[in-house]
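Input: a single structure, listed below in structure tokens.
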Amino acid sequence: MPALEQLDADFEKAWQDTAFRTEFNDLLREYVGRPNPLTEAKRLSEDTGLHVTIKREDLNHTGAHKINNALGQALLAVRMGKKRIIAETGAGQHGVATATVCALLGLECEVYMGEEDIERQMLNVFRMKLLGAKVNPVSSGTKTLKDALNEAMRDWVTNVDSTHYIIGTAAGPHPYPYMVREFQRVIGDEARAQYFERYALTPDAVIACVGGGSNAIGFFAGFYGDDSTRMVGVEAGGRGLTSGAHAAPLTAGSPGVLHGSYSYLMQDDDGQVIGTHSVSAGLDYPGVGAEHSYLKDLGRAEYVAVTDEEALDALQWVAHREGLICALETAHAFAALKIPGLFKPGERVIVNMSGRGDKDMVTVAGLLKL
Ligand SMILES: *Cc1c(COP(=O)(O)O)cnc(C)c1O
């Protein structure tokens, strides 16, 4: 608790400091490559009868939205006088983003990663090492993301004086969900301004995939003041919600406690966390950020799930029709455009393209016969 309270106070001070904001915004522009475009998707619009635009987080340095948060937290760590950074990673995307900003800012970096994931994501492990990070294999539990998070938390409480823990999504204990949302809200703020500039309108709906919830919450936050804009979060339905093999706590879970927060969760009758499945490693997490749980209970945001198969179809659809190869996670958001009855004809929507698909090509090639 003292570590979290210190972090809460330090973040609050930094976030209200113009010098910190300027440093963050300058690096987002000059290093990450922001603002990224808002692309009109004419052919997806034709196919769906909707008006579709796409926010292009895939064009950020390192290929996804994760660097927005990694950069913000690394700058905060420097400000707090911490020289050592730790992080957890599943597919390796957050690990790579964290190793990247640590190289940029001259910070020592150690990444916890499940042994199972290390085997599945060799290329990202190599990238992290090339960037100067140490990758610590985690052999407990299912040897995946949730176990890596446990190990990182253990390291943090042991080394809290020297170390900052960069959580990769808007989950975990306060202040993380709030802090990560604030570092990611550049997605929504930028998209809203770009949309208004081009169409002199606000969109009818914004759509994003939800793993822990960071790209979605940062995107949605830009539209909190627009009561007429729907927010649609898309979870990993895996092999189907009735199969039990999915990662959809908001659509098919129940409230419980995991990793220091109370939120929707995949758990059994005894409150034990149950195994998850998704074709996309970045959505394969049994919990979700508390703010999404709150938005769901308020009825302000809507959450749906799409299956592995629907996501794979959407990935091919967007590639064929728009020349954009998205990440498997993002493919879930695009798949929602085809859910019968979810959107009204002519509805104006923005899909957040959270990342590009390069990292998934080996997985996808193994699943598709082309
Ligand atoms: C990690 C990742 C996600 C899922 O994480 P959130 O915190 O829910 O955003 C989604 N898309 C991409 C491309 C990712 O790398």
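Values reported hereafter were calculated over all heavy atoms of this structure, with side chains retained and with hydrogens, waters and symmetry mates removed. Atoms within each ligand, like the ligands themselves, are counted from 1 in listed order.
Under a cutoff of 6.0 Å and an axis angle of 45°, Lys296 and Tyr264 form a cation-pi pair.
Contacts classified as salt bridge (Lys or Arg N to Asp or Glu O under 4.0 Å) and involving residues 266-288 (residues at least two apart or in different chains) are not found.
Close N/O approach between Thr330 and ligand 1 is not found [any backbone or side-chain N/O within under 3.5 Å]. Distances between N or O atoms of Gly211 and those of ligand 1 include at least one value under 3.5 Å. Between Gly212 and ligand 1, at least one pair of N/O atoms sits closer than 3.5 Å. For the pair Gly213 and ligand 1, the shortest N or O to N or O distance falls below 3.5 Å.
Looking at His94 against ligand 1, nothing comes within 4.0 Å, counting heavy atoms. Contacts between His65 and ligand 1 below 4.0 angstrom, taking non-hydrogen atoms only, involve the side chain exclusively. When non-hydrogen atoms are compared, ligand 1 lies under 4.0 Å from the backbone of Ser354 as well as from its side chain.
Tracing side-chain contacts under 4.5 Å through hydrophobic residues (I, L, V, M, F, W, Y), one reaches Phe11 starting from Leu71; they form part of the same cluster.
Without hydrogens or angle criteria, Ser214 side chain to Thr169 main chain gives no donor-acceptor distance under 3.5 Å. Of the possible polar contacts, one joining the Gln267 side chain to the Ser254 backbone as a donor-acceptor pair under 3.5 Å is found.
The residue among Lys66, His292, Gln184, Gln93 with a heavy atom at the shortest distance from atom 2 (C) of ligand 1 is Lys66. The option with the heavy atom closest to atom 4 (C) of ligand 1, from among Gly282, Ala216, Gly168, is Gly282.
Using a 4.0 Å cut-off between a side-chain N of Lys or Arg and a carboxylate O of Asp or Glu, Asp226 and Arg192 qualify as a salt bridge.
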